[in-house]
Amino acid sequence: MTASAEHDLVLVVDFGAQYAQLIARRVREARVYSEIVPHTTPVAEMLARKPAAIILSGGPSSVYAEGAPSLDPALFGAGVPTFGMCYGFQLMAQGLGGDVAHSGAREYGRTPVRVTEPGTLLAELPSEHNVWMSHGDSVRAAPEGFTVLASTDVTPVAAFEDTARGLAGVQWHPEVLHSEHGQRVLEHFLHDIAGCRPTWTMVNIVEEQIERIREQVGETGRAICGLSGGVDSAVAAALVQRAIGDRLDCVFVDHGLLRKGEAEQVERDFVAATGVNLHVVDAEERFMSALAGVTDPEEKRKIIGREFIRVFEAAEADVLGDAAADGAKVAFLVQGTLYPDVVESGGGAGTSNIKSHHNVGGLPDDLEFELIEPLRTLFKDEVRLVGEQLGLPSEIVWRQPFPGPGLGIRIIGEVTRERLEILREADAIAREELTLAGLDRDIWQMPVVLLADVRSVGVQGDGRTYGHPVVLRPVTSEDAMTADWARLPYEVMERISTRITNEVAQINRVTIDITSKPPGTIEWE
């Protein structure tokens, strides 16, 4: 994975930070390309990639603890501008001869910081502002040659810089929204200290990816893409279609587990916006038969994944047959792999394998296709901006993330047609009310979960009812690695609840999940 030579590269060294992906995203918001590497990457390997700058992330350890993640101090003398934050800040101080020790008092959460000498890093910032801290150790003395820029009541050295060597750091987390002026601090380092060029823009991304796809596929190659109805596969297909035109065939498997109106939207709006060749497979009966009687969540996932592959392979054979009849060969498979997919699958940051993504590690060994993954270096928000750049309908571009198994894992219990219809109606009402309230871009997603195996007593009209409860799961997130429950306005929650219980006869109770991630995941199953 690499960016075009047209862009400067910033490496984010991950020391086990909760926010490593967020740091990389913030760098890109400053229009500079970034990638994450694990702290175990040898310094020589990092330098071989010729980065324009390196950022050292935070982490949960103490720099002086036995077995704590470390870094070869040779990095600081390599001439590459380097920025440390939190743990990375302390590593820099320690590696260059500063003094790091347990402070005796911890700083967690919102903390006032005093700027004593703005320098370049904190130029034009208020002399006192709030930042987000998370540490129990402090830098008590800066290394020789550094100018101390800021302090707190607990931390005498909260920020420093040595612009002659391109080195700087802060004790806080500038990447999180809770830190006031955090993005400006990061941009001061990237633009003013490291001299990175702000060339990473959506226009450039689209143009470069189209050119790469054309080079990869050639003048006569053909490609096939499985559309899911989600934004990732839609944008990937639109990019490839823009590059090679009608030499791309898209297959849309309607497994009967989509939200209300989504199948029609793909068949109508996506085709109208792109002109793509679309092959629709109605496989609802097959999926319903395979899922009959199954209640175990993992078993449901496996069945849906297995059946999808089989249906796609059959459709693929039809496309291949059509192509062969035309004397052409389909040699490329388009996938909507995103950068977080790569990171979570252990391919980006040395992290544990959180998910076995089908579009990263689940393809068969005997795959006869060469992969086209035009979104592999992008985060979700960048993918949406690319979609807008390509002229896709906003209903597709800004659609809430949706799991591959669809509504099958939002029904607690057996998946049946009746239960799917109940959930579709409730989900459609919830999404419609979010849109009417203008909250679509504030809420990352709001799964609606049907507790199909639960009966809840209620009173509707003059009689007692035993209907199903549903759970609303509104969350806010930057990258889905972590998430917080969304504080929906009471009046919006009231409208959703009233409409669902009035309009969906089988539901008599609406609840809201207020669990953050961690400990809870976004989906229930």
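This structure is a prediction, so every number in the text was calculated from the model and none was measured. Start at 1 with the first residue, then count along the sequence.
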Tightest non-hydrogen contact, residues D282 and E284, listed as OD1-N, 3.4 Å
Ionic contact status for R495 with E433, cut-off 4.0 Å: yes
* Does some side-chain heavy atom of H468 sit less than 4.5 Å from a side-chain heavy atom of R509? -> no
Note to self: Can you tell whether the side chains of K517 and D484 come within less than 4.0 Å, N to carboxylate O?
What the structure shows: no
Going by an N to O cut-off under 4.0 Å, is there a salt bridge joining E523 and R410?
-> yes
- Message: Using only atom types and a distance under 3.5 Å, with no angle test, would you say the side chain of K300 pairs donor to acceptor with the backbone of G413?
- Response: yes
Are the charged groups of E432 and R499 less than 4.0 angstrom apart, N to O? yes
>> Regarding D427 and R431, does a basic nitrogen lie under 4.0 Å from an acidic carboxylate oxygen?
In response: yes
Is the closest basic N to carboxylate O distance between R306 and E299 below 4.0 Å? no
With a 4.0 Å cut-off on N to O distance, would you call E124 and R184 a salt bridge? yes
**Report entry** W398 six-ring face occupied by R441 cation (under 6.0 Å, within 45°)
**Finding:** yes
Exercise. Cut-off 3.5 Å, side chains only: do D8 and W200 have a donor facing an acceptor?
Worked result: no
